[in-house]
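To start, the structure under review is shown below, and the notes come after it.
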Number of protein chains: 2
Amino acid sequence: MQNIKPQRVLSAAEAVGPQVYRILREQIIQAELTPGERISEAEIAKSLSISRQPVREAFIKLSEEGLVQVLPQRGTYVTRISTASVMDVRFVREAIEADIVRQVAGEHTAGTVRELRDQIARQKQVPQDDRAAFLRLDELFHHTLAAAAGRAYAWSVIESVKAQMDRVRFLSVDDIQIGRLIDQHERIVDAIAAGDVGKAETALRTHLREILKSLPEIARARTEFFDGVA
Amino acid sequence: MQNIKPQRVLSAAEAVGPQVYRILREQIIQAELTPGERISEAEIAKSLSISRQPVREAFIKLSEEGLVQVLPQRGTYVTRISTASVMDVRFVREAIEADIVRQVAGEHTAGTVRELRDQIARQKQVPQDDRAAFLRLDELFHHTLAAAAGRAYAWSVIESVKAQMDRVRFLSVDDIQIGRLIDQHERIVDAIAAGDVGKAETALRTHLREILKSLPEIARARTEFFDGVA
DNA sequence: ACCACTTGACTTGTATGGTAGTAGGCTAGT
DNA sequence: ACTAGCCTACTACCATACAAGTCAAGTGGT
């Protein structure tokens, strides 16, 4: 007798734990699981028709990323966003990407410049209100920079770290900003094309500091998502 | 030779999983668990008189750090050191620490300079053959720099990443080097004391590139610890 | 001699049971 | 009415049982 399962959302090809991790991570970043919310192993396991063990492993990984807080024998909670930790993450990201972009500018190949300019063109076509789409393209842009420098590992470090930043970016409300961010992308690529290492670096650092400007405003507007220690 | 008594080596105050992780991590870095060696959940669980579950969680974390490779239904192996991944990690570390030392030099306080010089004095007192002792002091030195910049989080990222480098450093054979490393420490601190941001940065970058000089030699001398793709 | 196949002892992955600890509501006692 | 203390329901953590895959040695047939 075939056991007809209610359309399994999880792939059988991969271990279940990592899949649960990715699902929850996505939901936290997109604020579907709201900061402060309590989540439980048993509940999520039940909703996915799996056991508690893989869920537990996902919780552990999320807690290492600072997305949830596990209190033994008490419960697990989605962390509130901390402005301090966002700035910490941003610092690390800027440091790594600064060296990446220096390298790209130093060995600038025509191919990558063309690719980057192409991406910028696509960024401009994104409708003003579709923030998620722009964020995906922004992600791709930075990833492409890392790939062009042959720094796949460095990018993986950034990825594992930048979730805290992404949560904030997802909350951003003012769509006007997108235009400015694209301008900054253009400045970065221009510097790379010109082979101007210093200018490329400062352009990138400026770009990644943009979040600092909007952060206080967002924290004020969405106090329920942030922790108290401003 | 069966080791320790059934007496519990693990603390009851902390969860068992993280403790196992730290134990195994230390053993891998110090090459007590040799590259290529096969380890099993059940075996380690038995030797520590615990169940497989915490060991499994430790394995997962080690695999994320690239210290072991988990092959489902086949086994778990201590990874061989890859020169490529050592260089990848080094790149990330240099990028982060460069920005840290820039910051420290920019806001140089007399207290930290004194502390750092004090540490250098202690480094000089380490006997030539006690490499482990020097490595501890070197670790402390870099950690102090990060702390002085108020970058505890950035340091935690470095720590979670630098295991691959530490494995190599532990294999270093020539004790002569230690003197040179201490000289480099002094140059870094001198630049910080002088408030010379640029000089401090280049001094640190030079310092962290030192490993690149010895790496090929070590890889040649200990081929059994390294993977083939040189 | 050689090869297809079986078998069984491994491995990690998942499920489930048991334990200690916490939190908050409820009861019993004042 | 009020409070101390128990009680229940819940939690994460650990242990144990089961499932599924891998691999190599062994077996029987050709």
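Whole-Å rounding puts the Glu41(B) CD to dT16(D) P distance at 15 Å. When the P atom of dA12(D) is taken as reference, atom CD of Glu14(B) falls 18 Å away, rounded to whole Å. At whole-Å resolution of the value, NZ in Lys46(B) and C1' in dT12(C) are 18 Å apart. Lys61(A) has its NZ atom 19 Å from the P atom of dA12(D), to the nearest Å. As a whole-Å value, the separation of Gln69(A) CD from dA12(D) C1' is 14 Å. Between the C1' atom of dA19(D) and the CD1 atom of Ile50(A) lies a distance of 16 Å, rounded to the nearest Å. Between the CZ atom of Arg38(A) and the P atom of dA9(D) there is a distance of 15 Å, rounded to whole Å. Straight-line distance from the CG atom of Leu71(B) to the P atom of dC10(C): 19 Å, rounded to whole Å.
The side-chain heavy atoms of Leu137(B) and Phe141(B), taken from C-beta on, include no pair separated by under 4.5 Å. Taking the side chain as every heavy atom from C-beta outward, Val89(A) and Val157(B) never approach each other to under 4.5 Å. Annotation: side chain of Phe226(B) is in contact with side chain of Leu215(B) (closest heavy-atom distance under 4.5 Å).
Of the candidate nucleotides dT16(D), dT22(C), dA15(C), dT16(D) has the atom nearest to the side chain of Ser51(B). Nearest to the side-chain atoms of Arg52(B) among the listed nucleotides dT12(C), dA15(C), dC13(D) stands dT12(C). Side chain of Ala15(B), nearest nucleotide from dT11(C), dA12(D), dC14(D): dC14(D).
For Thr76(A) and dA12(D), the shortest distance from a side-chain N or O to OP1 or OP2 is below 4.0 Å.
Of the two residues near DNA chain C, Glu57(A) and Glu43(B), the one whose nearest nucleotide lies more 5' is Glu43(B). Annotation: of the two residues near DNA chain D, Gln53(A) and Ala42(A), the 5′-most nearest-nucleotide partner is Ala42(A). Judged by closest nucleotide on DNA chain C, Pro54(A) is the one of Arg74(A) and Pro54(A) placed further toward the 5' end.
Below 30°, between 30° and 60°, or above 60°: for His142(A) and His185(A) the angle between ring planes is above 60°, a perpendicular geometry.
On a pure distance criterion of 3.5 Å, no polar donor-acceptor pair joins the side chain of Gln73(B) and the base of dT22(D).
At a threshold of 4.0 Å, the pair Arg80(B)-Glu224(B) does not count as salt-bridged, since none of the basic side-chain nitrogens sits closer than that to a carboxylate oxygen.
Contact annotation for Ile39(B): backbone-only contact, meaning every heavy-atom pair under 4.0 Å involves sugar-phosphate atoms and none involves a base.
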